[in-house]
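The structure under discussion appears below in the form of structure tokens.
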Amino acid sequence: MKYVALPDDTMRRLSFYLAMEEYIARHISEPDCFFMWQVQPSVIFGRNQLIENEVNLDFCKKHNIQTYRRKSGGGCVYADMNNVMFSYVTKDDSVGFTFNRYLNMVVAVLQKMGVDARATGRNDVMIGDRKVSGNAFYRLPGASIVHGTMLYDTDMVNMVGAITPAGDKLLSKGVESVRQRIALLKDYTAMGLEEFKAFVRQNLCNGTLPLTASDVEGIGEIEQEYLLPRFIYGKNPRYTLVRRRRIADVGELEARIEMKNGVIKDINLVGDYFLTGELDGQLLRKLRDVPLDAGSIARALPARIDDVVMNLSKDDFVALLVDDR
């Protein structure tokens with residue numbers, strides 16, 4: 001696997017590195033690529049999330065924290081210069097295999113450092129019962145992209161304040177609660193952050209692929225999409241019903257349904273789930289003009305939908321829509 005290196009150390013926005021992943025996937029022929037990056041305080045939320053549900057915009061504005069949307073699923077995360085972000089781009093388009101391989105690579109590096117890490121759940125790397133890394137993925141034609149956080153250290157007040165709706169009175173309690181659920185790698189190793197990054201690069205990569213100024217220009221062109229307000233804020237269609245449910249190994253799902261005379265006219269599915277297929281074409285479009293009852297919905301859907309939403313069963317999806325608890 002090659003380490004992709006930029007031609008200079010310019011400080012860039014988070015959106016640049018998301019675009020860099022895409023550029024590598026579309027224009028670099030190397031079968032497996034990896035790079036690490038750090039950003040000024042930023043929040044990055046998932047492809048299928050609503051910014052108003054996930055981000056405390058007032059807190060972010062007050063504390064100069066930037067907000068970005070990515071094209072992968074999963075939940076909202078905070079990043080700053082005290083942690084490091086990993087990006088893995090591969091020509092293998094088998095999502096499940098690629099995701100598991102990446103998680104196992106990260107775990108193996110941490111274990112080689114002497115850290116008792118393990119992969120668990122949908123997308124996490126844990127040290128004991130605390131999360132040190134969360135990860136997400138998406139596919140492009142002929143390539144897969146996996147990216148995630150590595151919590152070496154971080155500003156806990158910014159993390160909690162930026163991605164929860166809690167007011168100031170609840171912030172200190174929130175920090176204490178979150179601190180009990182996450183691991184900071186600095187507490188488990190004597191390596192400094194730069195030493196850790198060098199160790200990861202040495203143990204994951206066997207060479208360097210340097211980018212040129214022309215490549216940086218191409219990345220900048222892709223980046224413009226990530227900066228468009230319609231991409232960051234998304235569309236918020238009309239709805240008359242909201243159905244919410246957390247489903248084990250799938251995530252938090254929220255169906256927003258526009259109804260007329262007992263029939264679904266439009267539907268949107270938001271949350272921190274992972275897409276493995278085409279949501280509208282393979283799933284949501286089939287529900288338009290279908291009565292909102294379990295039998296009609298079940299008949300309209302394909303037999304399996306876990307090839308569209310990772311780990312989601314047809315029965316669980318039907319139960320979500322009809323609120324059958």
Side-chain angles (χ1 to χ4, degrees), residues 1-39 42 44 46-47 68 70-74 77 79 83-110 112-113 119 123 125 133-150 152 193-226 274-276:
M1 179 160 63
K2 299 300 183 185
Y3 189 87
V4 182
L6 288 163
D8 57 66
D9 295 327
T10 301
M11 178 63 63
R12 295 175 168 90
R13 296 173 291 201
L14 188 149
S15 51
F16 176 89
Y17 299 103
L18 298 179
M20 183 171 164
E21 296 171 337
E22 277 201 55
Y23 184 87
I24 292 168
R26 298 182 187 279
H27 300 287
I28 302 297
S29 60
E30 192 69 31
D32 292 287
C33 294
F34 176 79
F35 66 96
M36 292 174 283
W37 43 283
Q38 292 161 274
V39 290
S42 302
I44 176 172
R47 169 180 175 173
Y68 301 92
R70 63 180 186 268
K71 293 185 179 180
S72 60
V77 298
N83 62 23
V84 61
M85 310 294 280
F86 289 176
S87 291
Y88 172 57
V89 183
T90 176
K91 297 304 181 185
D92 192 326
D93 61 359
S94 173
V95 169
F97 177 78
T98 297
F99 202 40
N100 289 333
R101 181 174 61 182
Y102 168 78
L103 291 177
N104 289 333
M105 286 192 302
V106 173
V107 166
V109 169
L110 293 177
K112 192 170 182 179
M113 292 171 53
N123 63 322
V125 175
S133 174
N135 302 277
F137 66 87
Y138 72 105
R139 287 189 296 189
L140 291 172
S144 296
I145 294 171
V146 185
H147 44 207
T149 61
M150 181 57 68
Y152 181 87
L193 179 53
E194 293 304 316
E195 186 182 1
F196 166 69
K197 288 163 57 180
F199 185 89
V200 170
R201 180 169 173 174
Q202 178 182 355
N203 283 274
L204 282 185
C205 302
N206 58 5
T208 301
L209 197 162
L211 296 182
T212 66
S214 177
D215 293 322
V216 172
E217 184 177 339
I219 294 168
E221 292 173 1
I222 295 174
E223 183 188 13
Q224 297 311 304
E225 179 185 351
Y226 288 91
F274 291 126
L275 274 178
T276 54

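This one's a predicted model, so the numbers in the text were calculated from it and none came from an experiment. Position 1 is the first residue of the sequence; numbering continues from there. Note: hydrogens, waters and symmetry copies are ignored here, and every other heavy atom, side chains too, is used.
In this structure the side chain of Gln38 never reaches within 4.5 angstrom of the side chain of Tyr17, judged on heavy atoms. Residues Arg101 and Asp32 are in side-chain contact: their nearest non-hydrogen atoms beyond the backbone lie under 4.5 Å apart. Contact annotation: the side chain of Val216 never approaches that of Thr10 to less than 4.5 Å [non-hydrogen atoms, C-beta and beyond]. A heavy-atom distance below 4.5 Å is found between the side chains of Val146 and Phe99. Counting heavy atoms from C-beta outward, Phe137 and Tyr102 have side chains that stay 4.5 Å or more apart. Leu6 places a side-chain heavy atom less than 4.5 Å from the side chain of Phe16. For the pair Tyr152 and Lys197, the minimum side-chain heavy-atom distance is 4.5 Å or more. Looking at heavy atoms from C-beta onward, Phe34 lies out of side-chain contact with Met105 at the 4.5 angstrom threshold.
Listed by chain and number, the residues in a side-chain hydrogen bond (donor to acceptor under 3.5 Å, both in side chains) with Asp9 amount to none (sequence neighbours excluded). Considering only residues two or more places apart in sequence or on other chains, Asp215 meets the salt bridge (charged side-chain N to carboxylate O under 4.0 Å, His left out) condition with none of them. For Asn203, the side-chain hydrogen bond (donor to acceptor under 3.5 Å, both in side chains) partners are Lys112, not counting sequence neighbours. Under the side-chain hydrogen bond (donor to acceptor under 3.5 Å, both in side chains) criterion, Glu217 pairs with no residue at all, not counting sequence neighbours. Take Thr208 and apply the side-chain hydrogen bond (donor to acceptor under 3.5 Å, both in side chains) test, not counting sequence neighbours, and it matches Arg201.
Across all non-hydrogen atoms, the minimal contact from Asp92 to Thr98 is O-OG1, 3.4 Å. Of all non-hydrogen atoms in Val109 and Phe199, the two that sit nearest each other are O-CE2, 3.7 Å. The two atoms that bring Cys33 and Glu30 nearest to each other are SG-CB, 3.6 Å, heavy atoms only. Across Asn135 and Leu103, no two heavy atoms sit closer than the pair ND2-CD2, 3.4 Å. Minimum heavy-atom separation, Lys2 to Asn206: NZ-O, 3.8 Å. The heavy-atom pair separating Ser72 from Ala136 by the smallest distance is OG-CB, 3.4 Å.
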Test side chain to side chain contact (heavy atoms under 4.5 Å, CB included) on Met36 and Tyr3 and set out the steps. CA-CA 9 Å; Met36 292 174 283; Tyr3 189 87; 3.8 Å; yes
Audit row: Leu110, Phe196, side chain to side chain contact (heavy atoms under 4.5 Å, CB included) steps and yes/no: CA-CA 10 Å; Leu110 293 177; Phe196 166 69; 4.1 Å; yes
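Taken from CZ in Arg12 to CH2 in Trp37, the straight-line distance is 13.0 Å, to the nearest 0.5 Å. A distance of 9.0 Å separates CD1 of Ile28 from CE of Met20, quoted to the nearest 0.5 Å. The CG atom of Leu18 sits 4.5 Å away from the CD1 atom of Ile44 when rounded to the nearest 0.5 Å. In this structure, Ser15 OG and Glu225 CD are separated by 11.5 Å, a value rounded to the nearest 0.5 Å.
Side-chain N or O atoms of Ser133 include one that pairs as donor or acceptor with a backbone N or O of Thr149 at under 3.5 Å. Remark: side-chain polar atoms of Tyr88 are not paired, donor with acceptor, to backbone N or O of Ser144 under 3.5 angstrom. Side-chain N or O atoms of Asn83 include none that pairs as donor or acceptor with a backbone N or O of Met150 at under 3.5 Å.
Among residue pairs with one or both ends in residues 16-25, those qualifying as salt bridge (charged side-chain N to carboxylate O under 4.0 Å, His left out) are Glu22-Arg26, Glu22-Lys71; sequence neighbours excluded.
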